[in-house]
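What follows is a short report on a single structure.
This chain uses plain numbering: 1 for the first residue, then up along the sequence.
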Amino acid sequence: MTFQPRELFPDRSARDLFGAEIRRHREKADMSLRRLSEVLNYSKSHLARIEAAESLPYDDLPAKLDACFGTDGLFARIYALAKNEPFPGKYRRMIEIEKRAAVIEQYVSVGAPGLLQTPRYAEALMRSVHPHAPNAEIEAMVKARIDRQARLVEPKPPRCWFILDEAVLRRPVGGPDVTCDQLAYLLKQGTQSHVSIQVLPFAVGEHPEMLGGVLKIYTVPGEPQVAYEEGSRSGALIEDQVGVAMRRENYDLLRAMALSPRDSEAMIQTAMEDYTPCPRPGT
């Protein structure tokens, strides 16, 4: 099967424009990605993600590209715009809707919701999902995720409802200390009047979202509800109302099957004991 590079939309995003210009000048010079990475002394895998508009470059890459292709500051100028877009295009519309939503409802099957993650937990997740990404790229992704949480402390924050599969509590991420701190943070966030957290226990058995990863439903005042689904490598925004209604029903069923917020708090507290070092005998 012939490799097909990801389609870019340079008229919609500075990140896409940056990647499209790399691809255009590289192909014009008849250079492969491997050859370009050797010339620039830059990671080939990271360069591939930048060209696909999935990652941002280090600050020194634009100057290297301008020197390589003789583009007289073109890449430096585009980068000045692109670095203001912390999320790839495939997530940007979802993020824009999230910023305007009055109600955010989310189900997660594995990791803690991004809006409720601690920085150390987010970093551990990013490093596991992107094992070859440079430190600077990981740091940028973590910052972008944590910055989203400012939405929850605004004067008029959205009403948030989170349903966590029990696996979120039982799977250690980043080691016992990181996981324990994350669970403690969930308990703290759950005390806010605009945040509700429920746990969907293993004991309920099968449920409507067993094959999914993340399900979100956004309610923006004066607009139809929007759903968002995300797997390990892709995400999809659902705006057709038949599709949204189906996911709305699934979410309502999950909420009915989950433990109450109070019982969920007790389960989180119990789960924390698995990550707390046991006292030594005689102490």
Side-chain angles (χ1 to χ4, degrees), residues 1-99 114 122-123 125-148 213-214 228-239:
M1 181 180 294
T2 303
F3 170 74
Q4 295 296 326
R6 189 183 82 80
E7 183 180 3
L8 295 167
F9 300 92
D11 57 330
R12 301 183 192 175
S13 160
R15 284 176 69 135
D16 277 49
L17 178 60
F18 194 93
E21 286 299 308
I22 293 177
R23 183 178 297 170
R24 183 171 73 86
H25 283 85
R26 178 175 63 77
E27 292 177 346
K28 183 179 178 180
D30 195 26
M31 297 177 71
S32 65
L33 265 174
R34 180 177 297 280
R35 177 55 183 156
L36 181 59
S37 72
E38 293 170 351
V39 170
L40 300 178
N41 191 26
Y42 210 84
S43 162
K44 176 179 175 290
S45 60
H46 191 199
L47 196 60
R49 292 195 297 275
I50 294 167
E51 185 175 292
E54 294 176 354
S55 295
L56 284 175
Y58 301 144
D59 289 346
D60 64 341
L61 181 62
K64 288 183 176 182
L65 290 167
D66 282 324
C68 176
F69 296 124
T71 43
D72 192 27
L74 170 68
F75 286 98
R77 292 191 293 273
I78 299 175
Y79 177 63
L81 299 174
K83 66 182 181 180
N84 295 320
E85 300 175 353
F87 296 98
K90 61 184 178 181
Y91 300 119
R92 198 166 301 124
R93 178 154 166 70
M94 182 271 289
I95 297 299
E96 291 171 353
I97 292 173
E98 183 175 278
K99 290 179 179 178
E123 180 181 351
L125 277 181
M126 293 300 183
R127 290 192 183 281
S128 67
V129 175
H130 305 282
H132 306 298
N135 287 337
E137 185 179 356
I138 294 293
E139 291 170 4
M141 288 189 287
V142 171
K143 183 180 184 302
R145 174 158 295 187
I146 300 304
D147 285 351
R148 285 170 53 202
V214 175
Y228 177 79
E229 291 180 329
E230 185 175 326
S232 61
R233 290 291 182 270
S234 62
L237 197 65
I238 297 96
E239 298 183 81

Leu237/Ile97 under side-chain contact (heavy atoms from CB on, under 4.5 Å): CA gap, chis, key distance, verdict: CA-CA 10 Å; Leu237 197 65; Ile97 292 173; 3.8 Å; yes
Intermediate values then yes/no, side-chain contact (heavy atoms from CB on, under 4.5 Å), Glu21 and Thr71: CA-CA 10 Å; Glu21 286 299 308; Thr71 43; over 6 Å; no
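Shown here for Tyr42 and Leu47, the closest heavy-atom pair between the two residues is CD2-CD1, 4.1 Å. Closest approach of Ile146 and Ala122 over heavy atoms only: CD1-CB, 4.4 Å. The heavy-atom pair separating His46 from Pro134 by the smallest distance is ND1-CG, 3.8 Å. Minimum heavy-atom separation, Asp16 to Ala53: OD1-CB, 3.4 Å. Between Asp72 and Arg77 the shortest heavy-atom distance is O-NH1, 3.1 Å. Residues Ala76 and Asp66 share a closest heavy-atom pair of N-OD2, 3.2 Å.
Here Leu40 contributes atom CG and Asp60 contributes atom CG; the two are 9.5 Å apart, rounded to the nearest 0.5 Å. Considering CG of Leu36 and CD of Glu27, their distance stands at 11.5 Å, rounded to 0.5 Å. With rounding to the nearest 0.5 Å, the separation of NE2 in His130 from OG in Ser45 is 11.5 Å. Note that CG of Leu65 and OH of Tyr79 are 11.5 Å apart. Values are rounded to the nearest 0.5 Å. Atom CD of Glu137 is separated from atom NE2 of His132 by 12.0 Å, given to the nearest 0.5 angstrom. Rounding to the nearest 0.5 Å places CG of Asn41 at 11.5 Å from CG of Leu61.
Put simply, the side chain of Lys44 never gets that close to the backbone of Ser37: no donor and acceptor are under 3.5 Å apart.
The environment of CG in Asp30 is sparse: at most 12 heavy-atom neighbours from other residues, nucleotides or ligands sit within 6.0 Å.
The aromatic rings of Phe69 and Phe75 lie tilted to each other, with the angle between the two planes from 30° to 60°.
The pair Glu123-Arg127 meets the salt-bridge criterion, with a side-chain N (NZ, NE, NH1 or NH2) lying under 4.0 Å from an Asp/Glu carboxylate O. Between Lys99 and Glu96 there is no salt bridge, since none of the side-chain N atoms of the basic residue sits less than 4.0 Å from a carboxylate O of the acidic one.
A search for salt bridge (Lys or Arg N to Asp or Glu O under 4.0 Å) contacts involving Glu38 returns Arg35, not counting sequence neighbours.
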